[in-house]
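See structure below.
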Amino acid sequence: MQRHALATALLCTLALSACNTVGNEQDSVATGQLVPPPPAAAAEAAQAARAVRALERTRSAARRVHAAPMMAADAYAMAPAPAPIGYQQPANTEKYAAHDDNPVHRTTEQPVSTFSIDVDTGSYANVRRMLNDGARPPAAAVRAEEMINYFRYGHPAPVSPDVPFRVTTELAAAPWNAKRQLLMIGIKGYDVPKATLPPANLVLLIDTSGSMNTPDKLPLLKQSMKQLVNQLRPQDHVSIVVYAGSAGLVLPPTPGNRSGEILAALERLEAGGSTNGGDGIRLAYAMARQGYVQGGVNRVILATDGDFNVGTVDQGALETLVADQRKTGIALTTLGFGRGNYNDALAEQLADIGDGNHAYIDSLAEARKVLVSEMGSTLLTIARDVKIQVEFNPAVVAEYRLVGYENRVLRNEDFANDRVDAGDIGAGHEVTALYEITPVGSGAEQLPALRYGAASTPAGASAGADRTGEVAHLRLRYKRPGEDDSRLVTTPIARSSLQATPSDTLRFAATVAAYADALRGGSRIGDWGWVDILRSARQVRGNDPQRAEFVALVETAQSLVDDDRRETAVAD
């Protein structure tokens with residue numbers, strides 16, 4: 001009914017605009033001039049049309065995700081109402097760190113690729129929010145590795161905590177070009193049941209500035225934190241620090257079984273004032289040090305839209321502050337909220353530097369996923385400074401490209417340098433990475449042939465060139481919590497492991513990677529388009545509610561792209 005009412009209002013607006021236009025045209029006949037429609041009326045009509053289309057797309061997405069009714073309902077509840085006619089939308093000041101796709105490397109020139117693992121998922125949820133709002137996300141908001149790692153792939157788990165994770169690989173043809181191959185690297189962390197998690201010392205650092213005074217910010221934040229509080233045990237302790245114009249302690253360290261006091265403190269929070277994030281971070285770390293638990297979980301959870309505007313506002317200075325505090329053994333998790341002024345660049349980087357993870361909360365369903373279903377992996381670190389290094393065999397691989405992880409690429413010499421920070425793995429975490437490789441002699445090379453061929457054999461490649469039975473050699477370094485020296489795990493990748501048909505696991509990961517690429521412009525997936533991505537997503541969604549939601553998002557993205565093309569065609 002509401003949609004029909006909006007449509008009726010839109011038609012009335014268009015009719016009034018048309019009447020005004022006709023009248024103006026009749027008045028102008030005597031002078032021989034044609035008067036265009038009034039700009040304001042045309043703009044308002046276009047804005048109303050966009051609002052109706054955005055609402056219909058949101059509702060259509062909610063209807064399509066019939067396999068996940070709770071998630072769909074939450075997404076619908078958080079969808080913004082259409083703006084009234086004449087409403088001026090505030091300027092969008094969201095901030096994203098621009099990044100170029102990783103380049104294609106010629107193996108004879110650069111056989112070694114090194115990067116830090118990443119378990120953040122914020123990009124996927126944030127892009128989902130934009131699509132459900134009826135907006136195409138900016139390319140900088142799309143990070144392929146966070147799209148891929150949003151999902152679970154069922155990678156095999158380690159058999160014991162002696163080695164805290166297990167590494168597996170799969171090699172098969174790339175769906176967008178059968179002459180190329182995809183190498184999937186899967187890492188699964190040792191899981192720890194919630195009941196046996198060590199005691200937790202948590203500091204909830206909550207942004208209560210004026211910019212948080214919208215339903216998708218502080219109100220959603222408080223409801224999200226309540227879900228976490230309900231999981232706490234008597235041995236856990238929680239402090240609450242807030243910051244606006246200045247920072248303050250709302251709740252001193254309180255045992256988890258006193259949930260009434262903790263929830264009451266959360267409920268009293270109100271938004272107002274400017275945002276002094278730097279002071280809040282300092283006070284939060286001070287409280288974490290005061291309640292430090294040896295051998296336990298010590299973590300600051302920063303919940304914010306990232307709109308720091310007083311005090312220490314320089315991102316570099318904030319990163320230095322967090323990097324210094326990381327050395328005390330206290331991790332930092334960041335939870336992003338809201339739209340319009342969200343600072344994704346700051347939230348993501350602070351979590352990376354703070355030995356933590358970053359998530360974006362767009363609904364209560366996402367809060368349950370991050371703070372309840374995945375609480376162990378969110379809170380408990382089982383491996384620190386995890387780095388991956390892959391050496392490709394130039395006798396077998398002509399070219400390769402790492403999909404995503406652009407801001408996690410490391411220098412090759414940093415792999416064995418234990419002073420260089422890298423990503424962490426939480427209990428039960430899964431990490432998935434993809435390489436697109438071009439076999440020697442396939443004819444699918446993307447780089448132009450060298451006039452004089454390879455000038456020389458790169459250092460370290462001669463031994464690998466003789467092992468034509470290997471595609472690559474994978475090395476992984478990690479530190480156990482509390483240790484300063486890294487440990488090494490190695491895995492050869494044999495040519496014989498190539499599968500004629502990729503597993504559903506690899507097919508789904510490849511489909512998500514293609515989705516991310518298409519959102520960024522579609523320069524890496526050949527002739528594949530939205531129709532191919534959607535077909536593949538439907539084929540491998542199974543009965544997983546999150547995969548069903550993904551299919552709906554692909555449909556929404558395709559619809560938005562088609563709308564843009566039609567509007568561009570009309571404008572031309």
Side-chain angles (χ1 to χ4, degrees), residues 58 62 65 68-81 121-122 124-126 128-130 132-133 150 194 200 202-233 236 238-244 250-251 254 256-272 275 280 284 299-307 333-342 347 351 357-379 545-546 549:
T58 300
V65 192
M70 184 63 71
M71 187 175 294
D74 284 336
Y76 178 76
M78 292 308 303
T121 60
Y124 181 89
N126 188 33
R128 176 179 62 199
R129 178 263 300 180
M130 294 185 211
N132 285 333
D133 282 355
Y150 185 85
K194 291 181 182 179
L202 304 178
V203 179
L204 308 184
L205 175 55
I206 298 176
D207 184 350
T208 56
S209 62
S211 66
M212 296 291 290
N213 192 25
T214 58
D216 59 342
K217 294 186 181 180
L218 188 58
L220 177 59
L221 186 160
K222 292 196 290 186
Q223 292 298 317
S224 300
M225 289 300 182
K226 288 177 182 178
Q227 297 190 69
L228 173 62
V229 170
N230 289 332
Q231 307 299 309
L232 298 178
R233 306 158 301 174
D236 303 322
V238 176
S239 307
I240 299 178
V241 173
V242 299
Y243 62 95
V250 171
L251 184 75
T254 303
N257 59 344
R258 289 160 57 180
S259 59
E261 297 177 36
I262 303 171
L263 294 175
L266 282 170
E267 193 57 40
R268 288 194 298 268
L269 300 182
E270 296 181 356
T275 317
R299 186 174 296 264
V300 173
I301 301 178
L302 168 60
T304 179
D305 60 10
D307 189 19
T333 287
T334 60
L335 302 178
F337 288 83
R339 51 171 63 81
N341 65 331
Y342 174 52
N357 54 308
H358 166 60
Y360 178 84
I361 307 298
D362 61 336
S363 66
L364 286 177
E366 186 66 15
R368 282 194 294 274
K369 177 179 182 292
V370 174
L371 299 174
V372 179
S373 301
E374 301 175 359
M375 185 177 75
S377 54
T378 299
L379 300 181
Q546 290 182 349
E549 180 202 56

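Quantities reported herein were computed from a predicted structural model and do not represent experimental measurements. Note: hydrogens, waters and symmetry copies are ignored here, and every other heavy atom, side chains too, is used. The first residue in the sequence is number 1, and the count goes up from there.
Results of the side chain to side chain contact (heavy atoms under 4.5 Å, CB included) test with Y360 over Y124, F337, Y342 single out Y342 as the only residue that passes. Tested against Y150, the residues K369, R128, Q546 include a single side-chain hydrogen bond (donor to acceptor under 3.5 Å, both in side chains) partner, R128.
Contact of the N357 side chain with the T121 side chain is not registered, since no non-hydrogen atoms from C-beta on lie closer than 4.5 Å. Considering only heavy atoms from C-beta on, L218 comes within 4.5 Å of I206 through its side chain. Inter-residue side-chain proximity for R368 and L364 is flagged as met; some heavy-atom pair is nearer than 4.5 Å. Taking 4.5 Å as the limit, some side-chain heavy atom of K226 sits within range of a side-chain heavy atom of E267. Between V370 and I361 the shortest side-chain heavy-atom distance falls below 4.5 Å. Side chains of D236 and L202 form no contact here, defined as non-hydrogen atoms less than 4.5 Å apart.
Of the possible polar contacts, one joining the K194 side chain to the V372 backbone as a donor-acceptor pair under 3.5 Å is found.
In terms of heavy-atom proximity, T378 sits nearest to R299 at O-CZ, 3.4 Å. Closest non-hydrogen pair, A271 versus M212, comes out as CB-C, 3.9 Å. Heavy-atom minimum distance, A284 versus L205: CB-CD2, 3.9 Å. For L228 against L371, the heavy-atom pair with the smallest separation is CD1-O, 3.9 Å. The minimum heavy-atom distance between H358 and A347, with the atom names listed, is CE1-CB, 3.6 Å. Across I301 and M225, no two heavy atoms sit closer than the pair CG2-CE, 3.9 Å.
Rounded to the nearest 0.5 Å, atoms OG1 (T254) and CD1 (I262) are 5.5 Å apart. For the atom pair S373 OG and E366 CD, the distance stands at 10.0 Å (nearest 0.5 Å). Between R268 atom CZ and T208 atom OG1 the span is 13.0 Å, to the nearest 0.5 Å. Summarising the geometry, atom CG belonging to L232 is positioned 9.5 Å from atom CG belonging to N257; distances are rounded to the nearest 0.5 Å. To the nearest 0.5 Å, the span separating CG on L221 from CG on L266 amounts to 8.5 Å. With values rounded to the nearest 0.5 angstrom, R339 atom CZ is found 12.0 Å from D305 atom CG.
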Report task. Might you work through the side-chain contact (heavy atoms from CB on, under 4.5 Å) test for K217 and N341, ending with a clear yes or no? Result -> CA-CA 11 Å; K217 294 186 181 180; N341 65 331; 2.4 Å; yes

| field | side-chain contact (heavy atoms from CB on, under 4.5 Å) between L263 and N230, worked out | value | CA-CA 9 Å; L263 294 175; N230 289 332; 4.2 Å; yes

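Partners of V250 according to the side chain to side chain contact (heavy atoms under 4.5 Å, CB included) rule, which considers only residues two or more places apart in sequence or in another chain, are I240, V242, A265, L269. Residues satisfying the side chain to side chain contact (heavy atoms under 4.5 Å, CB included) criterion with S239, sequence neighbours excluded, are V203, P253, M287.
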